[in-house]
Amino acid sequence: MPSSPLTDRVTVWFGEHRRDLPWRAPDRTPWGVLVSEVMLQQTPVVRVLPVWEQWLRVWPVPADLAAAGTADVLRAWGRLGYPRRALRLQECARAITERHDGVVPSDEDELRALPGIGSYTAAAVVAFAYGGRSVVLDTNVRRVLARAVDGAALPSPAHTVAEVRRATALVPDAPGDAAAWAAASMELGAVVCTARAPRCGACPVADLCRWRADGYPPDLHAARRRTQGWAGTDRQVRGRVMGLLRDSVGPVPLVEVERLAVEGTDRPRLQRCVDGLVADGLVEVVGDDEPALRLPA
DNA sequence: AAACCGGGGTT
DNA sequence: AACCCAGGTTT
């Protein structure tokens, strides 16, 4: 699409209000952008910042991470959550080192073929690392378009064909403009057009927002969204075990893990979680008669 | 299409 | 205590 009031105004707004983030600095590298995108998949900016800084200091290029010890990688990942992604990021670094001569690909299909890189992250790296044209459709952009164009409070739970087609049609023709729109629309959704308490007074397109014009109708999909529990889930137990191992220098006896894991977790459940962590490559079992757990070497 | 996967912050 | 945040992989 040549341009539209929506893309133009959001992009201009971004030029004035963009947050200064290290992975947006002029001296950023494609590798730094990729690392930031993987971390930001699951974690708010303020928690990613210090980990990203250290990560890039210790492993400034993919070959550095490829050669690192897995335990060091998992400790550096810290409490960002979803530690399987740290493993995939290291696999990704190895693939870039071996298959792409250490250069982060700029081709979207090649990016998507890397471990841990899906459609969103591939599009984001194309746009933010290389200034290329891609369709960046994360939850923020989906919400902005659902509101401004469709007049819906929130996007549908799953991507729809029509939604992707619409987002594709909206991307400006020039690669630089497309990349700017991608960053701008994400930023608008992240800081102004937020899920719960949108700041419409600060929105550059409030006057053409259909959701606002229609009087903020409620979410049609509310009944089908269900909040995922946390207390007592396998995720909580896994997180607790990983925390124990991260903070321990040597192997931790399984009996000690059982004692320090989540209160009220029965033995079969803990065993199931440990087995899952082992299967994921996040934990190693050492010793037979006196089994202990540790982070993989 | 749906389930799985963390952890911190806000309300 | 309840709710919010988010994308990739696996089944």
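Sequence lines set the chain letters: A, B, ... in the order given, protein chains first and strands last, and positions in each chain run from 1. From a predicted model like this one, the values you see are computed outputs, not experimental measurements.
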(request) Classify the nucleic acid contact of A:D280 as base, sugar-phosphate or nothing, counting any heavy atom under 4.0 Å across all strands shown. (result) nothing

(request) Nearest 0.5 Å please: distance from the CZ atom of A:R147 over to the OH atom of A:Y216. (result) 9.0 Å

(message) Could you tell me how far apart A:Q42 (CD) and C:dT9 (C1') are, to the nearest whole angstrom?
(response) 13 Å

(request) Identify whether any heavy atom of A:T194 sits under 4.0 Å from a base atom; if not, whether one sits that close to sugar-phosphate; answer base, sugar-phosphate or nothing. (result) nothing

(request) For C:dA6 versus B:dT10, give the span between their P atoms, rounded off to a whole number of Å. (result) 15 Å

(message) If you assign each of A:L277 and A:A197 to its closest nucleotide in DNA chain B, which residue comes earlier from the 5' end?
(response) A:L277

(request) Could you state the atom-to-atom distance from CZ of A:R238 to C1' of B:dC4 in whole Å? (result) 9 Å

(message) Using the side-chain heavy atoms of A:R143, tell me which of these nucleotides is nearest: C:dA6, C:dG8, B:dG6.
(response) C:dA6

(request) Could you tell me whether a side-chain N or O of A:R28 sits under 3.5 Å from a main-chain N or O of A:L21, the two making a donor and an acceptor? (result) no

(request) Please measure how far the P atom in B:dG6 lies from the corresponding atom in C:dT10, and state the result in whole Å. (result) 14 Å

(message) Nearest whole Å is fine: how far is B:dG7 C1' from A:D234 CG?
(response) 16 Å

(request) Considering only NZ, NE, NH1 and NH2 on the basic side and carboxylate oxygens on the acidic side, decide whether A:D275 and A:R272 come within less than 4.0 Å. (result) no

(message) Please pick, from C:dA6, B:dG6, C:dG8, the nucleotide with the shortest atom-to-atom distance to any side-chain atom of A:Q41.
(response) C:dG8

(message) Below the 4.0 Å mark, does B:dG8 have OP1 or OP2 next to a side-chain nitrogen or oxygen of A:R79?
(response) yes

(message) Quick check on C:dG8: is either OP1 or OP2 less than 4.0 Å from any side-chain nitrogen or oxygen of A:T121?
(response) yes

(request) Give me the one residue out of A:W77, A:W31, A:W23 that meets ring pair (Phe, Tyr, Trp, His ring centres under 6.0 Å) with A:W55. (result) A:W77

(request) Output the single nucleotide from B:dC5, C:dC4, C:dG8 whose closest atom is nearest the side chain of A:R196. (result) C:dC4

(message) Using 0.5 Å steps for rounding, measure from the CH2 atom of A:W52 to the CG atom of A:L40.
(response) 10.5 Å

(message) By the 4.0 Å heavy-atom rule, please label A:Y120 as base, sugar-phosphate, or nothing.
(response) sugar-phosphate

(request) For A:G116 and for A:N140, find the nucleotide of DNA chain C with the closest heavy atom, then tell me which residue's nucleotide is more 5'. (result) A:N140

(message) What is the distance, to the nearest angstrom, from the CZ atom on A:R235 to the P atom on C:dA6?
(response) 14 Å

(message) I need the CG-C1' distance between A:L154 and C:dA6, as an integer number of Å.
(response) 14 Å

(request) Whole angstrom is fine here: how far is it from CG in A:D275 over to P in B:dC5? (result) 13 Å

(message) When you compare the side chains of A:Y120 and A:Q41, does any donor N or O come within less than 3.5 Å of an acceptor on the partner?
(response) no

(message) Measure CZ/A:R272 against C1'/B:dC5 and give the value in whole Å, please.
(response) 14 Å

(request) Figure out the CZ/C1' separation between A:R47 and B:dG8, and round it to whole Å. (result) 5 Å

(request) Could you say whether A:Y82 or A:H159 is positioned toward the 5' end of DNA chain B, judged by the nucleotide with the nearest heavy atom to each? (result) A:H159

